[in-house]
Amino acid sequence: MSYKEFLKRVDENRVIIPKGSFEGMRVDCEIFINREIEKSLEDDSIKQLVNVSKLPGIVKKSLAMPDIHSGYGFPIGGVAAFDLKTGIISPGGVGYDINCGVRCIITGLKRYDLKNCIKELLTKIFLEVPSGIGSVGSVKLKKNDLKRIVLKGAFWAVENGFGDEKDLESIESNGCLEGGEFDCISEDAIERGISQQGTLGSGNHFLEIDYVSKIYDLDIANKFGLFENQIVVMLHTGSRGFGHQICSDYVSSFSKDLRKKDISLPDKQLVYSYFNSDSGRSYYKAMVGAANYAFCNREIIGYMVKKTILKFFGKSESDLKIELLYDISHNIAKIEEYEIDGVKRKLIVHRKGATRAFPKGHPELKGIFKETGQPVLIPGDMLSGGYILVGGEKSVEESFSSTCHGAGRTLSRKEAIRFSKRTDVFEKINESGVFVLSQSNRTIVEEIPQAYKNVDDVVKTVQDAKLSFPVAKLLPVGVIKG
DNA sequence: ATGTCC
């Protein structure tokens, strides 16, 4: 049986699976996807989306963005909101890399300035920022430091000289979620977290030097300080082994609890606990701790990148104008309020491989972002670069204020490795003119451009659906793949 | 994503 047969196209950018198509569905499923990307939609990710629609307390719809692909329990690219009083919270709805996200740093440099020194500069950054699986050592933490990071997020970096205070207003939730609790985090997680702060990690994590290849909205680009041929840095990482251990601890404890209560699941990976329960609240507090760890991680790495570039050119901060544009989360569950059928309700919104995208005027946005909408940072594959978007006017009502997070995979990691055995994947990279560095060839092979959807098609869908719209397109010059 | 299988 194919899940695809149950898809009904409602407009050029959306398909639904109506409630009732499968037993146990509590709400409709809805995927923002145009006809072009629908061709690469896999049955397994639709099945996962349907499974999510069966979970207790789900509100409105089980949603997915055009970059949907198969994940642990929940699909990546999925958005699911649950009632705070009657609904659940699920580690699989957040992902193993809690608060994985993207940071964009803008500079006063132009493409031309790096023409003859990109390899040298990127190599310096590669030596400065630890990357690769199990990478350690960029900041020495004591247990009390970790405790404070869990509470304070990116602010810890600022108060310890690894960040700038003015950065905080350009980080989603100011770089700190409230309610992190150290006591809800295992000794194993603490042990892993202590050594990994300020490291990039592996897999799809990266640090990229791009140039602005196109401006779509001149007014917003001006407000953001973006201009054509400008050099910007995009970095993508999360909470490393710390968040991973927290996710895996709660997956196993929730799984035991559910077995004890004899509750059957549509998929054993779809473990959950009621938000309004001791175990549910405990996961939430630990998840917030990991989210704060990730905010701190990106702040520290951003600071190291800035220092390295300044030293490389022998210039001062004011000369090179290196500033944080924005820092977003795309693996997180957040408490947000929405009006549902005329009634205001508090929900726990799970965004797994989906980005918050508040439109201009949203009460939570401050300063310049109130006028422009929230910046949304979208990486593509390592050769295609990515986009800077802003939240669009339909996001709040249509998608719990969410949009896509990237290109989305078409090949699993295993499939990418298999593909690489019969194709010379390095040829394409070498011919591209993009300088790629990695600790591991395996990472490159898993992350080949052929393993990803076309990011332009993904962005076109969310733009046409008015969930977010493009401000600038970025193209890579040099890439560090973890 | 991940001390890529305690």
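First the proteins, then the strands, lettered A, B, ... as listed; each starts at 1.
The nearest whole Å value for the distance from the CD1 atom in I98(A) to the C1' atom in dT2(B) is 12 Å. In this structure, N99(A) places its CG atom 13 Å from P of dT2(B), rounding to the nearest Å. Regarding I133(A), its CD1 atom lies at a distance of 5 Å from the C1' atom of dT2(B), rounded to whole Å. In this structure, the CD atom of Q245(A) is 11 Å from the C1' atom of dC6(B), given to the nearest Å. Summarising the geometry, the separation between CG on D249(A) and C1' on dT2(B) is reported as 13 Å, rounded to the nearest angstrom. Across the protein-nucleic acid pair, H244(A) atom NE2 and dC6(B) atom P stand 10 Å apart, rounded to whole Å. In this entry the distance linking CD1 of I246(A) with P of dT2(B) reads 14 Å, nearest Å. Summarising the geometry, the separation between CD on E446(A) and C1' on dT2(B) is reported as 11 Å, rounded to the nearest angstrom.
Residues V271(A) and P91(A) approach most closely at O-CD, 3.6 Å, considering heavy atoms. Looking at every heavy atom in both residues, E128(A) comes nearest to T308(A) through CG-OG1, 3.3 Å.
Residue S239(A) is classed as having no contact, given no heavy-atom separation below 4.0 Å to the nucleic acid. Q196(A) comes within 4.0 angstrom of sugar-phosphate atoms only, judged by non-hydrogen atoms across all strands, and of no base.
Applying the 4.0 Å criterion to OP1 and OP2 of dT4(B), one finds that R442(A) has every side-chain N and O outside that range.
Among S90(A), S273(A), S186(A), C184(A), the single residue meeting the side chain to side chain contact (heavy atoms under 4.5 Å, CB included) criterion with Y250(A) is C184(A).
Remark: D188(A) pairs with no residue by the salt bridge (charged side-chain N to carboxylate O under 4.0 Å, His left out) rule, at least two apart or across chains. Considering only residues two or more places apart in sequence or on other chains, F32(A) meets the ring pair (Phe, Tyr, Trp, His ring centres under 6.0 Å) condition with none of them.
The stretch residues 409-419 of chain A touches DNA chain B through R413(A), each having a heavy atom under 4.0 angstrom from the strand.
Using a 4.0 Å cut-off between charged side-chain N and carboxylate O, D262(A) and R259(A) make no salt bridge.
In this structure, K306(A) forms no cation-pi arrangement with Y303(A), as its terminal cationic atom is not both closer than 6.0 Å to the ring centre and no more than 45° off the ring axis.
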